[in-house]
> 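Dropping a structure here in structure tokens format, bear with me for questions.
What you are looking at is a predicted structure, and each value in this text was computed from that prediction instead of being measured. Chain naming here is simple, since letters A, B, ... match the order of the sequence lines and numbering starts at 1 in each.
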Protein chains: 2
Amino acid sequence: MSPRREHRLVFLLNVAQRRLQRWMAARSPHTGVTAAQSGLLFVLGQRDGALMGEAGAALDLGPPGISGLVDRMTAANLIERRADPDDGRAWRLWLTPAGRVAMAQSKAGLADVNARLTEGFTDAEIDVVARWLTTMQSRFPKGEDE
Amino acid sequence: MSPRREHRLVFLLNVAQRRLQRWMAARSPHTGVTAAQSGLLFVLGQRDGALMGEAGAALDLGPPGISGLVDRMTAANLIERRADPDDGRAWRLWLTPAGRVAMAQSKAGLADVNARLTEGFTDAEIDVVARWLTTMQSRFPKGEDE
DNA sequence: TCAATTTATTTCGCATGCGAACTATCTAAA
DNA sequence: TTTAGATAGTTCGCATGCGAAATAAATTGA
């Protein structure tokens with residue numbers, strides 16, 4: 001009857017995310033590429049020329065989120081905004097040469113992160129974690145659905 | 001040889017955390033109490049009069065983090081800063097009457113959140129998740145330890 | 001064709017929280 | 001006692017990302 005002792009899941013989730021983000025940022029001080037930024041680099045690595053909205057959807061970011069991220073990465077000369085030739089409202093995002101380099105570096109760094117994220121856990125356990133995290137996405141939806 | 005398909009754990013963790021945070025904030029628009037703020041309310045509910053540093057440690061926040069949170073919650077009349085009588089550098093945090101009310105409301109809301117965080121998962125699975133999240137704290141430490 | 005609506009993106013104000021640098025106070029050592 | 005740390009908080013500039021509102025271009029319908 002007592003609530004499962006997982007009251008702390010909210011807190012644990014928050015802390016784990018912040019620790020990981022901070023750690024990743026601290027690991028590329030030379031490049032200045034953060035976790036969020038490397039996310040966009042990856043997306044463009046697979047889909048260069050994506051619309052901002054597409055990139056935002058891939059990263060689960062709303063319009064303001066992707067807009068700001070693109071601003072900062074454009075200022076850092078990692079990506080470029082180019083007008084879509086067919087739609088005057090839309091912009092497509094392209095990696096710059098420097099962005100390509102940063103993308104490759106981030107990719108390499110990710111191997112280390114992945115190792116730390118899985119070390120000491122079996123594949124089955126990691127599957128549980130991944131399933132839980134994925135489930136939380138639908139359980140705490142964007143809209144204000146009940 | 002292919003990397004475990006958990007490349008996405010970084011991303012999943014990020015998204016899950018943002019979704020949860022957004023959802024919690026959207027659920028108390030009347031009170032305006034956010035997830036971070038309810039965290040401090042809980043801490044003071046158990047340890048009213050805590051030092052800022054103690055509260056920060058309980059929430060895994062550094063000095064700037066707790067300082068800003070306290071600023072906003074003081075402005076919202078949820079808590080009070082009072083000088084420590086024994087240490088001129090230190091401040092102790094106290095719930096206001098409004099803070100006490102908000103704390104009780106947050107506590108009630110947490111039951112719902114907890115249900116959503118665990119529904120569909122066995123106790124054993126939730127234990128794995130909690131252990132994983134906890135492990136990530138030591139695996140991505142605050143200092144720049146390797 | 002032309003108004004109404006939808007869609008893509010931006011802008012604004014905000015909350016969160018970090019790292020670095022600063023201030024003020026306390027403590028310990030010479 | 002005086003001074004050299006250590007400790008508690010604050011402040012600054014920044015990155016992240018949200019909700020609400022605005023802008024501008026495309027689409028749809030009468």
Side-chain angles (χ1 to χ4, degrees), chain A residues 14-15 17-29 31-40 50-57 59-76 78 81-93 140-144, chain B residues 14-15 17-29 31-40 50-57 59-76 78 81-93 140-144:
Chain A
N14 178 284
V15 174
Q17 155 61 16
R18 282 190 287 119
R19 292 288 190 93
L20 175 55
Q21 181 140 341
R22 197 188 328 179
W23 191 87
M24 288 180 75
R27 283 206 110 222
S28 61
T31 65
V33 172
T34 65
Q37 295 181 10
S38 66
L40 183 49
L51 293 173
M52 292 191 56
E54 290 171 349
L59 298 170
D60 196 59
L61 293 177
I66 190 65
S67 191
L69 186 59
V70 167
D71 283 349
R72 293 185 294 272
M73 291 177 70
T74 298
L78 294 168
R81 262 187 187 95
R82 294 190 212 151
D84 183 298
D86 299 329
D87 189 333
R89 301 165 297 179
W91 297 85
R92 293 192 175 272
L93 303 176
F140 298 101
K142 286 177 138 168
E144 57 295 297
Chain B
N14 179 284
V15 174
Q17 155 60 17
R18 283 190 285 120
R19 291 289 190 93
L20 175 56
Q21 181 141 341
R22 195 189 328 180
W23 191 86
M24 288 180 76
R27 282 204 111 222
S28 62
T31 65
V33 172
T34 66
Q37 295 181 9
S38 67
L40 182 50
L51 293 174
M52 292 190 57
E54 290 170 348
L59 297 170
D60 196 57
L61 293 177
I66 190 66
S67 191
L69 185 59
V70 167
D71 283 349
R72 292 185 295 272
M73 291 177 72
T74 298
L78 293 168
R81 261 189 188 94
R82 295 189 212 150
D84 183 298
D86 300 328
D87 189 334
R89 301 164 297 179
W91 297 86
R92 293 190 176 273
L93 303 175
F140 299 100
K142 286 176 140 170
E144 57 295 298

> Do A:D60 and B:R19 touch side chain to side chain, with heavy atoms closer than 4.5 Å?
yes
> From the set D:dA15, C:dT16, D:dG9, return the single nucleotide nearest to any side-chain atom of B:L51.
D:dG9
> Let me know, please, whether B:Q37 or B:P64 comes out on the 5' side of the other along DNA chain C by nearest nucleotide.
B:Q37
> Is it true that B:R81 and B:D71 have a side-chain N and a carboxylate O under 4.0 angstrom from each other?
yes
> Base, sugar-phosphate, or nothing: which does B:G68 touch, judged by heavy atoms less than 4.0 Å apart?
nothing
> Grab the CG-C1' distance between B:L93 and D:dA8 for me, whole Å please.
12 Å
> Could you tell me whether the phosphate oxygens of C:dA8, OP1 or OP2, come under 4.0 Å of any side-chain nitrogen or oxygen in A:R81?
no
> OP1 or OP2 of C:dG17 less than 4.0 angstrom from a side-chain nitrogen or oxygen of A:R22, does that happen here?
no
> Separation of B:D71 atom CG from C:dC18 atom C1', in whole Å?
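Going from CG in B:D71 over to C1' in C:dC18 covers 16 Å.
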> Rounded to whole Å, please give me the gap between CG in B:L69 and C1' in C:dC18.
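Whole-Å distance recorded here is 14 Å.
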> Side chain of A:D87 only, heavy atoms from C-beta on: which candidate in C:dA8, C:dT9, D:dA20 is closest?
C:dA8
> What is the distance from CE of A:M52 to P of D:dT23, rounded to the nearest Å?
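Spelled out: CE on A:M52 to P on D:dT23 is 19 Å.
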> Determine: side-chain N/O of A:Q21 to OP1/OP2 of D:dA15, distance under 4.0 Å, yes or no.
no
> Side chains of B:T34 and B:M24, heavy atoms from C-beta outward: is any pair under 4.5 Å?
no
> If I take atom CG in residue B:D86 and atom C1' in nucleotide C:dT25, what distance separates them, rounded to the nearest angstrom?
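Rounded to the whole Å, the gap is 13 Å.
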> Between A:G88 and A:D60, just flag the one whose closest nucleotide in DNA chain D comes earlier from the 5' side.
A:D60
> Is any N or O donor-acceptor pair between the side chain of A:R89 and the base of C:dT7 shorter than 3.5 Å?
yes
> Atom CZ of A:R18 to atom P of D:dG17: distance rounded to whole Å?
14 Å
> Would you say C:dT10 has OP1 or OP2 under 4.0 Å from some side-chain N or O of A:S67?
yes
> Whole-Å distance between C:dG17 C1' and B:Q17 CD?
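To the nearest whole Å, that distance equals 12 Å.
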> Does A:R72 put a side-chain nitrogen or oxygen below 4.0 Å from OP1 or OP2 of D:dT16?
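Checking D:dT16 against A:R72, a side-chain N or O does come within under 4.0 Å of OP1 or OP2.
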> Would you mind reporting whether A:V70 and A:L40 have side-chain heavy atoms less than 4.5 Å apart?
yes
> Just how far, in rounded Å, is P of C:dC26 from CH2 of B:W91?
12 Å
> First locate atom CD of A:Q17, then atom CG of B:L20, and finally report the distance between them rounded to the nearest 0.5 Å.
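Answer for the CD-CG pair, A:Q17 versus B:L20, is 11.5 Å.
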> Measure from the side-chain heavy atoms of A:L61 and tell me the nearest of C:dC18, D:dC18, C:dT16.
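Closest of the options to the side chain of A:L61: D:dC18.
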> From the list C:dT16, D:dA15, C:dT10, which nucleotide is the closest neighbour of the side chain of A:P63?
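So the nucleotide nearest the side chain must be C:dT10.
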> Hey, does the side chain of A:N14 come within less than 4.0 Å of C:dT16's phosphate (OP1/OP2), counting only N and O?
no
